[in-house]
Amino acid sequence: TETRKRITSASEEYRPVALRGSVLYFLVVDMSNVSNMYQTSLPQFLRLFDESIKHAEQAQLTAKRIQNIIDLMTKIVFEYITRGLFSEHRLLFVLTMACKIRLHSRDGNKLPHESFQTLLKGGAALSLNDSRPKPHAWIPDKAWLNIVAIADGVPKAFRILPDHISKPANERAWREWYDKEAPENAPVPELDDRLDAFDRLLLVRALREDRAMLAALNYVSHVLGKEFAEPLQLDFDAVINSTTKTTPIIFLLSQGSDPTSLIEISAKKRKKQIIPQGGISMGQGQEAAAMDATLAAFQGCGEWALLQNCHLGLKFLADLETVLLKHDQDTIGEETRILITSETHPKFPIGLLQMSIKLTNEPPPGIKAGMKRTYGWFNQELLDSYRRPEWKPMLFAQCFIHCIVCERRKFGPIGFCIPYEFNQGDWQA
């Protein structure tokens with residue numbers, strides 16, 4: 001009985017690890033509501049959970065050991081899921097992660113459920129006719145309804161906000177804050193000392209919705225750390241090392257994100273043959289050839305099967321799932337890999353998605369992240385290939401111009417008359 005009590009007591013100490021794992025797992029599962037391609041199975045998540053326990057730094061104090069496991073688990077899950085999300089969904093995932101962690105926090109940093117609901121809804125349910133009159137003409141109608149909503153939903157921080165903004169003596173200070181280029185980083189008139197990080201996000205979301213995404217990144221950085229708010233660079237070599245011979249790697253395609261060059265460079269570096277040469281593109285009548293390529297890779301000595309545009313061959317994907325489950329694993333080379341590229345499709349086999357690793361290859365936002373990605377396309381051998389002093393500055397200038405051109409795409413017809421996705425092939429050319 002005494003031994004059982006000690007075991008129970010020791011187990012209870014690690015309950016925060018289980019709580020964080022539960023929060024992260026259901027967050028990951030919920031991402032399938034955003035896109036059916038974001039399917040993640042429980043066995044996949046449990047492998048990440050076990051990995052975090054195995055590799056977390058040891059510590060003499062149990063509390064320190066628990067915190068190390070929680071921190072590593074959060075980072076591993078973030079990297080594993082984020083690398084398979086389209087850029088438009090990454091902020092949604094990491095902001096929801098930060099909010100969910102604070103919602104289930106057991107210390108003084110707990111996020112009230114009412115505050116989270118206010119962030120989601122704002123003043124959408126309110127009407128100008130039923131709310132107090134807007135005090136100043138420069139405040140948009142939608143922004144004023146948001147102010148009324150956060151005053152009602154988060155009274156601890158914002159109960160006096162409508163009265164404060166309405167006072168003529170305070171109008172100038174609030175107008176200056178509203179007109180700032182980056183209000184999310186500026187002191188809030190009169191209320192600055194009483195607002196926490198989430199309150200600042202609420203205020204920016206209410207008054208300056210155009211800056212809400214940047215305020216959300218500030219909140220993520222405050223709760224989880226700066227690295228969670230920065231674009232994640234895809235390390236394809238690390239992905240290859242973390243997969244097994246029966247774990248397919250699925251590249252989710254978007255406009256201009258062809259991963260073929262990335263795969264070919266990695267295969268050349270590892271001295272692996274791609275079957276068939278250059279890959280096989282799915283289409284009418286290509287199912288048999290694709291299956292032959294897959295079986296040839298299984299029977300070889302670590303070749304890679306590259307199957308492209310598989311959204312055009314859904315029946316083949318169902319057959320591939322069956323082959324991966326039933327094929328004798330002892331006959332497959334340890335370094336064999338199945339590489340699939342596909343656009344999103346509502347009828348993509350869920351079982352195949354849940355047993356695979358998903359990746360995206362979109363250019364990250366920002367010049368800094370773009371430069372890191374571009375420099376990742378070449379190795380030290382290219383840097384040292386010419387001894388002339390002009391070579392490295394010219395290479396830097398080429399990478400910088402490529403990143404500038406990629407960033408200009410966000411301006412649409414103002415940037416270019418004809419939409420064009422500049423990718424790795426254009427840089428190499």
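Side chains included, hydrogens not; waters and symmetry mates left out as well; all remaining heavy atoms used.
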Is the shortest distance from a Lys or Arg side-chain nitrogen in Lys315 or Asp319 to a carboxylate oxygen in the other one below 4.0 Å?
-> yes
Would you kindly say whether Asn185 and Asn218 are connected by a side-chain donor-acceptor distance under 3.5 Å?
-> yes
Verify the distance criterion only: is there a donor paired with an acceptor across the side chains of Asp237 and Ser266 at less than 3.5 Å?
-> yes
Going by distance alone, is a donor N or O of one side chain under 3.5 Å from an acceptor N or O of the other, for Thr260 and Gln308?
-> yes
Do Thr247 and Thr244 have side-chain N/O donor and acceptor atoms under 3.5 Å apart?
-> yes
Using a strict cut-off of less than 4.0 Å between a Lys/Arg side-chain nitrogen and an Asp/Glu carboxylate oxygen, indicate whether Lys54 and Glu51 qualify as a salt bridge.
-> no
Is it true that Glu209 and Lys142 make a salt bridge, defined as a side-chain N closer than 4.0 Å to a carboxylate O?
-> yes
Should Arg83 and Asp235 count as an ion pair when the cut-off is N to O under 4.0 Å?
-> no
Can the ring centres of Phe298 and His327 be said to be less than 6.0 Å apart?
-> yes
Could you go through the salt bridge (charged side-chain N to carboxylate O under 4.0 Å, His left out) check for Lys156 and Asp199 one step at a time?
-> CA-CA 10 Å; Lys156 181 179 178 181; Asp199 293 334; over 6 Å; no
Decide whether Thr360 and Arg90 meet the rule of one side-chain donor and one side-chain acceptor closer than 3.5 Å.
-> yes
Say you draw a straight line from CZ of Phe251 to CG of Asp258; how long is it, rounded to the nearest 0.5 Å?
-> 10.0 Å
Hey, do the aromatic rings of Phe198 and His222 have their centres closer than 6.0 Å?
-> no
